[in-house]
Amino acid sequence: MPRRTLRNLLACSCLVMLAACGRDDGGGRGGEAKAGEVPDSLKYGGTATIGSFSDLQSMNSLVSSDYYSSQVQQYVLFMPLVKYDAELNPVPWLAERWDTVRVAGDSLDLTFHLRRDVKWHDGVPTTARDVLFTFDRIMDPKTAFPNASSFTPYYNPKAQLLDDYTIRFRLRPHSDFLDAWFQAPPMPQHVLGKVKPEELLNHPFGTQSPTGNGPFRFVRHLANQEWVFEANRDFPKGLGGRPYLDRVVYRNIPEMTTLLTELLTGGLDVYLAPRPSQVAQIRANPALEVNHTSYRQWVYIGWNTALPQFRDARVRRALSMAINRQQIVDALLYGFGDVGRSTVTPAHWSYDPRDPQTQLPHDTAGARRLLAEAGWLDRNRDGVLEDAQGRPLRFRLETNQGNDTRKDIIEIVQAQLKPLGIVVEPRLVEWNTLTARLQNDVGGERKRDYDAVVNSWVDYFRKDDRDILHSANLERPFQYVQFSNPRADFLIDTTGVMTDRQAALPFWKEYQHLMVRESPYTVLYYPRRIAGVNRRLHYGEMDTRGDLLNVHRWWLDPSARRAAPRPPADTANK
Amino acid sequence: MIGYLLRRILGAIPLLLGILTLIFFVVHLAPGDPTARFFSPNVAPEVIEQMRRNLGLDQPLHIQYFKWLWSFLRGDFGYSFGQMRPIGEILPEVLWNTVQLTMISLVVIFAVGMLIGIVQAVRQYSIADNVLTFLALFFYSMPSFWFALMLILIFSLKANTAGWPIQFPASGMTGVEYDYLSFGGKVSDRIMHLILPATALGIGSAAGVARYMRGSMLEVIHQDFIRTARAKGLSERTVVFKHALRNALIPIITLLGLYLPFLLSGAVLVETIFGWPGMGRAIVDAILQRDYPMVMATSFVIAAIVVAGNLLSDVLYAVVDPRIRTE
């Protein structure tokens with residue numbers, strides 16, 4: 001361990017020189033915990049490598065929709081108008097402040113005041129014109145902006161340029177109206193302004209030559225191989241100045257064993273989303289650490305509530321109670337998951353693990369009672385439950401091919417339900433085929449040809465179950481479970497427009513209780529996001545906001561950097 | 001000869017068009033859609049519809065076919081839906097990555113394979129022959145993905161933890177610090193990254209080639225003219241390498257022709273395990289994402305290379321065997 005002793009030595013000698021933390025007024029909190037060890041000026045330099053199973057779709061926020069592209073857009077290459085603090089309240093970022101005014105009728109005027117010291121990486125200032133341009137493209141249906149639905153509260157064309165750094169929007173009240181701007185960082189008008197909206201998707205900006213304005217600038221992208229970013233030396237001092245790292249390399253490696261090997265041998269500094277089964281090996285290596293956090297994903301069994309056997313909420317509740325979800329989390333996720341409650345994930349501010357009404361216990365006796373109440377009894381003593389007409393309680397439980405965890409889930413569920421007299425037929429279906437069946441649109445009439453499905457949803461920070469559970473959307477593609485409940489509709493409508501969290505809390509609670517009582521979805525678990533990190537990289541905290549949250553504050557131990565490429569020219573003035 | 005070549009090339013055109021037409025319709029008939037990766041409750045169906053319009057997928061299939069055919073005939077492969085850029089840019093990149101890898105492993109395959117085969121044939125039933133036969137069968141029957149993982153575990157992971165003097169990188173084409181290396185450093189960095197994947201890719205086939213070489217060499221060695229050559233008093237070296245080897249090469253050349261497509265089609269499993277951005281991964285990604293233009297472009301490259309490979313081995317026959325030349 002020569003590296004570690006060296007670091008400790010360094011730590012001791014530098015203990016007195018407590019680095020000032022005043023620079024970090026931008027909201028980033030991580031990376032400062034160990035700030036006492038190394039003086040600030042020594043933190044600059046080095047290359048950090050991030051490895052992931054997935055490649056990035058595109059850097060153009062107007063056309064991409066995958067998680068990792070968003071992460072890199074939000075934290076590395078661009079600056080969204082707002083960021084989130086640890087409690088998931090929006091805080092200023094590109095916009096130094098904003099104000100809202102309620103205007104006539106049921107509308108809000110939202111005014112953003114932009115920072116004046118942010119420049120695109122080619123030197124052109126980032127102004128409100130870029131925001132206006134981005135908004136226009138978002139609102140133009142020809143762009144086919146994937147996240148258009150998050151902008152539904154915004155009236156179009158009601159954007160008003162007040163001056164070069166001030167822009168005003170008019171919108172309907174919505175509980176999280178700023179989230180849209182976190183998801184979609186503004187794009188440069190001077191680069192993309194002349195591109196036709198329908199050609200944005202294939203424009204080289206996205207994958208070959210993105211011009212950003214964030215803490216890192218784009219250097220190079222080799223498809224299926226790597227994205228290279230380097231420190232933006234002109235990043236505003238008021239937001240912390242240039243990042244500590246000289247370069248960030250995002251590598252795509254499509255094989256998890258190779259990813260693990262690269263982390264173990266020091267080729268990678270961060271391995272994003274390792275398999276839970278790989279965590280023990282990462283932990284066994286003293287040079288590495290494992291970070292994990294709750295996330296906005298929920299893995300569920302969706303019940304086709306239009307089918308007679310699943311129409312009764314008691315049956316759905318009984319099924320939830322009969323499945324030992326803790327066992328699934330322990331066996332398949334090695335504990336890196338939280339047992340499911342309602343459709344609201346631990347990442348949502350209203351989630352409360354102490355509220356017993358948000359969770360059904362594992363209780364097979366209770367499940368049997370509920371099933372009997374609902375009329376499911378073993379009438380002919382063949383070990384299988386039947387209803388009054390003698391039809392057995394049997395269903396297909398499907399999931400997509402190529403996901404071993406889900407394959408194991410349907411087998412475990414089959415085994416757990418068998419003693420109760422419920423016959424589960426596991427089925428693996430190719431992804432495209434499964435999706436088509438879940439959404440199946442036959443002659444304008446949705447015929448969803450499935451019994452029950454294991455799948456998952458990922459929420460935005462703005463939690464809104466409208467598309468998947470509101471009865472107004474029964475004819476739309478994502479109401480897989482065909483759930484219809486007036487109270488649920490009311491609660492979705494109500495929570496969707498309330499901006500005051502204190503006032504909204506009772507409704508959120510009621511919604512969660514209702515989702516548990518009705519169980520249109522049996523939420524199996526909330527997986528945690530994991531990252532394996534080399535200790536030489538001071539990674540800071542990781543939370544539900546994302547893996548790359550603190551990338552502009554990451555720094556490498558000076559003694560453990562890769563061969564120094566060039567003298568860190570501009571670190572002296574820090 | 002030239003007339004023969006021309007006839008063969010002209011004959012290949014309708015064949016290629018037929019193959020591509022078939023692939024076009026088959027891949028469009030498969031369930032799914034290039035926009036499927038955007039499916040999520042946050043993405044409205046109207047947005048998906050617009051994407052389909054932007055990509056030209058809303059038109060009837062036969063119109064799409066003629067549009068594709070027309071631009072294809074003008075040498076335009078269109079845009080990849082998956083990588084969101086012109087395929088004309090992607091193909092050379094991907095092909096070059098793959099050729100670097102497969103060229104090296106092709107050399108490994110034929111150099112190692114032929115050498116072993118010759119040794120075995122000349123020393124038939126010796127201990128060396130038996131050991132080599134065993135080893136050849138061992139490597140031949142080993143799945144390449146497993147072998148690749150073992151190489152990584154031993155020469156990358158184990159070498160690292162045990163502190164071996166030499167350690168190979170587990171993935172990628174270049175190291176993280178590649179940009180800052182000198183020219184010599186860059187070359188050796190690239191070679192270091194090539195060794196494990198090229199070995200994983202080549203070793204099984206080398207074992208196969210060795211078996212062919214041994215068999216074909218043995219057949220030749222037992223023929224009368226070899227005895228005559230020996231009787232003339234020629235050295236054993238001349239007998240083996242000049243008289244026997246040249247005659248034994250014909251089946252090997254056929255094999256070379258069969259391996260040529262592999263040169264450009266890449267190897268999905270090995271490329272995936274070593275994170276090598278080559279043709280194999282491009283094809284599989286394209287198929288999984290229903291990236292129709294990319295599927296068509298890569299199919300074309302492979303179909304063309306198969307045809308060319310067959311043509312080439314026919315020509316090589318003629319070079320090696322004067323009897324074919326004069327016919």
Side-chain angles (χ1 to χ4, degrees), chain A residues 47 49 51 57-58 60 63 65-66 141-150 198-199 201-204 206-208 222-226 228 247 249 251-255 257-259 261-262 264-267 430-433 435-436 439 457-458 460 466-468 476-478 562-563 565-566, chain B residues 30-33 35-55 79-86 89-90 93-94 97 149 152-153 156-157 159-161 167 169-177 179-180 271-278 281-282 285 290:
Chain A
T47 300
T49 49
Q57 250 176 29
S58 168
N60 187 344
V63 301
S65 69
D66 62 310
K142 286 208 189 79
T143 308
F145 174 62
N147 295 337
S149 61
S150 58
E198 58 269 38
E199 286 167 9
L201 185 65
N202 287 328
H203 192 273
T207 54
Q208 296 306 299
L222 300 174
N224 287 335
Q225 178 81 357
E226 62 177 11
V228 181
R247 296 195 312 168
V249 177
R251 295 192 51 203
N252 167 231
I253 302 172
E255 163 59 45
T257 311
T258 313
L259 276 162
T261 306
E262 287 281 14
L264 293 173
T265 57
E430 196 259 342
W431 170 256
N432 284 310
T433 315
T435 316
Q439 307 188 348
W457 292 126
V458 181
Y460 282 144
R466 175 174 306 274
D467 297 287
I468 57 173
R476 307 270 289 180
F478 297 101
R562 295 182 178 81
R566 58 189 160 197
Chain B
D33 190 283
T35 56
R37 65 202 167 110
F38 292 101
F39 283 178
S40 118
N42 299 308
V43 181
E46 295 77 22
V47 173
I48 299 283
E49 267 318 301
Q50 182 63 44
M51 283 180 188
R52 293 173 54 82
R53 264 199 294 284
N54 290 357
L55 298 175
Y79 281 83
S80 156
F81 300 158
Q83 294 198 20
M84 300 177 178
R85 60 197 181 113
E89 264 176 36
I90 301 173
E93 209 177 285
V94 176
N97 293 344
L149 285 174
I152 288 180
L153 289 186
S156 189
L157 184 57
N160 179 273
T161 48
Q167 177 201 337
S171 68
M173 293 174 56
T174 54
V176 175
E177 299 299 304
D179 291 347
Y180 306 129
E271 283 177 8
T272 304
I273 290 172
F274 289 99
W276 196 272
R281 268 172 74 192
D285 285 353
R290 305 287 190 265

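Here is how names work: the chains are called A, B, and so on, in the same order as the sequence lines, proteins then strands, and each is numbered from 1.
- Heavy atoms only, all atoms of each residue included: A/Pro146 and B/Val47 are closest at CA-CG1, 4.0 Å.
- Ranked by non-hydrogen atom pairs under 4.5 Å with chain A, the options B/Arg53, B/Glu49, B/Gln83 are led by B/Gln83.
- In this structure, no portion of A/Ser150 lies under 4.5 Å from any heavy atom of chain B.
- Taken to the nearest 0.5 Å, the CD atom of A/Glu226 stands 5.0 Å off from the OG1 atom of B/Thr174.
- Interface remark: B/Ile48 contributes no atoms to any contact with chain A (heavy atom separation under 4.5 Å).
- Looking at B/Ile273, the atoms closer than 4.5 Å to chain A (heavy atoms on both sides) sit in the backbone and in the side chain alike.
- For the pair B/Asn160/A/Thr261, no side-chain contact is recorded, criterion being any heavy-atom separation below 4.5 Å from C-beta on.
- Neither the backbone nor the side chain of A/Arg466 comes within less than 4.5 Å of any heavy atom in chain B.
- Using a 4.5 Å cut-off between heavy atoms, B/Asn97 makes no contact with chain A at all.
- Both the backbone and the side chain of A/Leu201 come within less than 4.5 Å of a heavy atom in chain B.
- Heavy atoms closer than 4.5 Å to chain A are found nowhere in B/Thr161, neither backbone nor side chain.
- For B/Arg290, the part lying near chain A is the side chain, with the backbone staying farther off; criterion is any non-hydrogen pair under 4.5 Å.
- Taking CG of A/Asn202 as the start and CZ of B/Phe81 as the end, the distance is 8.0 Å to the nearest 0.5 Å.
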